[in-house]
Enquirer: 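Pasting a structure here, questions to come.
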Amino acid sequence: MTSERVRVRFAPSPTGMLHVGNARTALYNWLFARRLGGDFLLRIEDTDVERSEPRYEKQLIEDLLWLGLDWDEGPGTGRPGDPLENERGRFGPYRQSERQQIYAELTGKLLAEGKAYRCFCTPEELMAEHQQAVREHKPQVYSGRCRNLSAAEAEQRMAAGLPFAVRLKIGPEPLGFHDIVRGPVEFAAETVSDPVLVRSEVRSGVPSHQQGAPGMPVYNYVVTIDDALMQITHVIRGDDHISNTPKQVAIYKAFGWPVPEFAHLSTILGADRERLSKRHGATSVASFREMGYLPEALVNYLALLGWGAEDGKTETFTLEELTRAFKLERVTPSPAVFDLDKLNWLNRHSIKLASASRLVDLVWASFGERLPAREAASEAVVAWMEQLVELFAPSVDKLDELAPKAAFVFGFDPDAARMLPENQEVLAADSARIVLAELADRARANSANVTPQVFKTWMNEIKVAAAVKGKELFHPVRIALTGMHSGPEFDRLVPLIEEGAELGLGIPCVQQRVERFVGV
RNA sequence: GGCGCUAUCGUCUAGGGGUUAGGACGUGAGAUUCUCAAUCUUAAAACACGGGUUCGAUUCCCGUUAGCGCUACCA
């Protein structure tokens, strides 16, 4: 086992948005494969025809690629130049809906070998057994009533048109497996039911919305077959599958296939310690992207949610660094609460490392009408935007905060600014009136561009003329220029405004701002 | 009810039979700045409980409690 090439898979159902829990599972699989030079496969579990939708598959693939996770086998590979219709790999198809033939043949084999049997029990009978078990405080397992039906009896019932499911015989020996994150796990045979492999064709008395497609093999059965046939060596998945695993182990054994290693990842919880769900707000990878989280930040955060660096100290990792550092053995078994604050911190970190030009592209659309279309923008405008981004980006957690924060650069409503309570307080001071009058004098007399030097000179002069300094001096001026009593330093803001005013985007220059605010 | 998984600061985690139980986020304080943010410094903050085993347990074992998962002919 140690000598063979490691093969892992990510097997999502295309029934909704890729959420962060699944994204972490995908990431851990990918990291494990890449570190060991193995294969990472993508398999689409679309057996639930009711809920599976092609658009979700498309979205899911997009999200995976955005995170920087590619795959060696599956629909395409996600690598540049490889179209997704172009399925790759020797073990396809990689969509379960296209593998029905395989499952059917294998079921016939199991039946023929007597390892599986036809179960004619009705839902009512099964329900009764279940209720009795609960009443007697016993494990609820199927009694196995149909297990020893004679061949003749079974034939007769089939001939009578009675619907049947196919069940696997569970032997008397305990069903154990090895879990890389939890160690050995064992289930007593008495606690595991003969699992249904294939649903019956007809199900009366069961509401149709609760019913899987008739005659279709069930999830536990098909994952096992797929994993075995695709020669998966390590099954890394969410811990909600732990209880399913003994059944799957029994299936491997029935076919005589080697049982892989397992690694069950703990659940991601919300702040209320309940399983993270839509109820907790944004949980999909797509929504994080929309809010302006960078993929490297999400990846970094997800890696840290359930895993820690060997040195116990390092917190920031690139994907490449993770590939080198990540060890499945170090993954924690306990559930982890998703902490937006830490994600934000990591995102801020990533934003600081990101190039201005990349950030400009990411942020462009959020400026809406204020900017021309990205493709139509002149180089001067792009260069100026880079300057703007460099000024504002270090102070935001998420990129979607940037445009609102920088909006005032494009102009603001002086009257609305005067009405703000914090501003009113500042402007009410006598000194503020003097400062603004002095500022207006200078702005009026000014004919050239206001350079930071000129601006600094003004401020020094006003300081003397109005006999104020510090807050009393700067705050009124800041409000006149930006509409706000806080913001970036003037040394960088003034040139941004003056250069922006030259761009033909309707951005008021310093002089116009003063005139509009104070009046001429 | 049954079966299973889990348990170190508020959160993510490191550690491990003898430690001042380490780091990070967040929080408090200070520095800096016209201001906010950023940044730097600094502080507070944890081994769920009860039994064993042991010279010694937070660490190993058992139990309790709590949380979560599964308990479907869902995936």
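Only heavy atoms go into these numbers, but all of them, side chains included; no hydrogens, no water, no symmetry mates. Just so we're on the same page: letters track the sequence lines, and every chain starts at 1.
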Enquirer: Of all the choices, rC34(B), rU35(B), rC25(B), which nucleotide is nearest to the side chain of Asp341(A) once you look at every atom?
Expert: rC25(B)

Enquirer: Looking only at side-chain atoms of Leu126(A), point me to the closest of rC12(B), rA72(B), rC73(B).
Expert: rC73(B)

Enquirer: How about Asp339(A) and Tyr301(A): does a side-chain donor come under 3.5 Å of a side-chain acceptor?
Expert: no

Enquirer: Once hydrogens and angles are ignored, does a donor-acceptor distance under 3.5 Å link the base of rG67(B) to the side chain of Glu274(A)?
Expert: no

Enquirer: Scan every strand shown for a Watson-Crick or G-U wobble partner of rU41(B), both distances under 3.5 Å, and answer none if you come up empty.
Expert: rA29(B)

Enquirer: Could you check whether the side chain of Asn220(A) and the base of rA72(B) have a donor-acceptor pair of N or O atoms closer than 3.5 Å, going by distance alone?
Expert: no

Enquirer: Between rG2(B), rC73(B), rA24(B), spot the one nearest the side chain of Trp345(A), thanks.
Expert: rA24(B)

Enquirer: Taking the six-membered ring for Trp, are the ring centroids of Trp307(A) and Phe317(A) within less than 6.0 Å of each other?
Expert: yes

Enquirer: Dump the pairs, protein N or O against N or O of nucleotides 4-7 of chain B, anything under 3.5 Å, distances to one decimal.
Expert:
unit_1 : atom_1 : unit_2    : atom_2 : d
rC5(B) : O2'    : Arg182(A) : NH1    : 2.3

Enquirer: Over how many whole Å does the gap from Lys313(A) atom NZ to rG22(B) atom C1' extend?
Expert: 5 Å

Enquirer: Who passes salt bridge (charged side-chain N to carboxylate O under 4.0 Å, His left out) against Glu422(A), sequence neighbours left out?
Expert: none

Enquirer: Calculate the interatomic distance between Glu390(A) atom CD and rA37(B) atom P; express it in whole Å.
Expert: 22 Å

Enquirer: On RNA chain B, check which nucleotide each of Phe490(A) and Thr15(A) is closest to and give me the residue with the more 5' one.
Expert: Phe490(A)

Enquirer: Give every residue pair that meets the side-chain hydrogen bond (donor to acceptor under 3.5 Å, both in side chains) criterion with at least one member in residues 484-496 of chain A, sequence neighbours excluded.
Expert: none

Enquirer: Any idea which of rA72(B), rA75(B), rU35(B) is nearest the Ser486(A) side chain?
Expert: rU35(B)

Enquirer: If rU64(B) has a Watson-Crick or G-U wobble mate with both distances under 3.5 Å, name it; if not, just say none.
Expert: rA48(B)

Enquirer: Between rG69(B), rC25(B), rC12(B), which nucleotide gets closest to the side-chain atoms of Val337(A)?
Expert: rC12(B)

Enquirer: Using atom CG of Leu276(A) as one end and atom C1' of rG67(B) as the other, report the distance to the nearest whole Å.
Expert: 16 Å

Enquirer: Please identify which of these residues, Asn344(A), Asp400(A), Asn347(A), meets the side chain to side chain donor-acceptor pair (under 3.5 Å) condition with Tyr293(A).
Expert: Asn344(A)

Enquirer: Provide the distance between the two C1' atoms, one in rC12(B) and one in rA45(B), to the nearest whole Å.
Expert: 15 Å

Enquirer: Which pair of non-hydrogen atoms, one from Gly238(A) and one from His264(A), has the smallest distance, and what is that distance?
Expert: O-CD2, 3.4 Å

Enquirer: Look at the side chain of Arg275(A) against the base of rC68(B) and say whether a donor-acceptor pair falls under 3.5 Å; ignore hydrogens and angles.
Expert: no

Enquirer: The side chain of Ser13(A) is closest to which nucleotide in this list: rA75(B), rC34(B), rC73(B)?
Expert: rA75(B)

Enquirer: Please tell me if Arg330(A) has a side-chain N or O lying less than 4.0 Å from either OP1 or OP2 of rG15(B).
Expert: yes

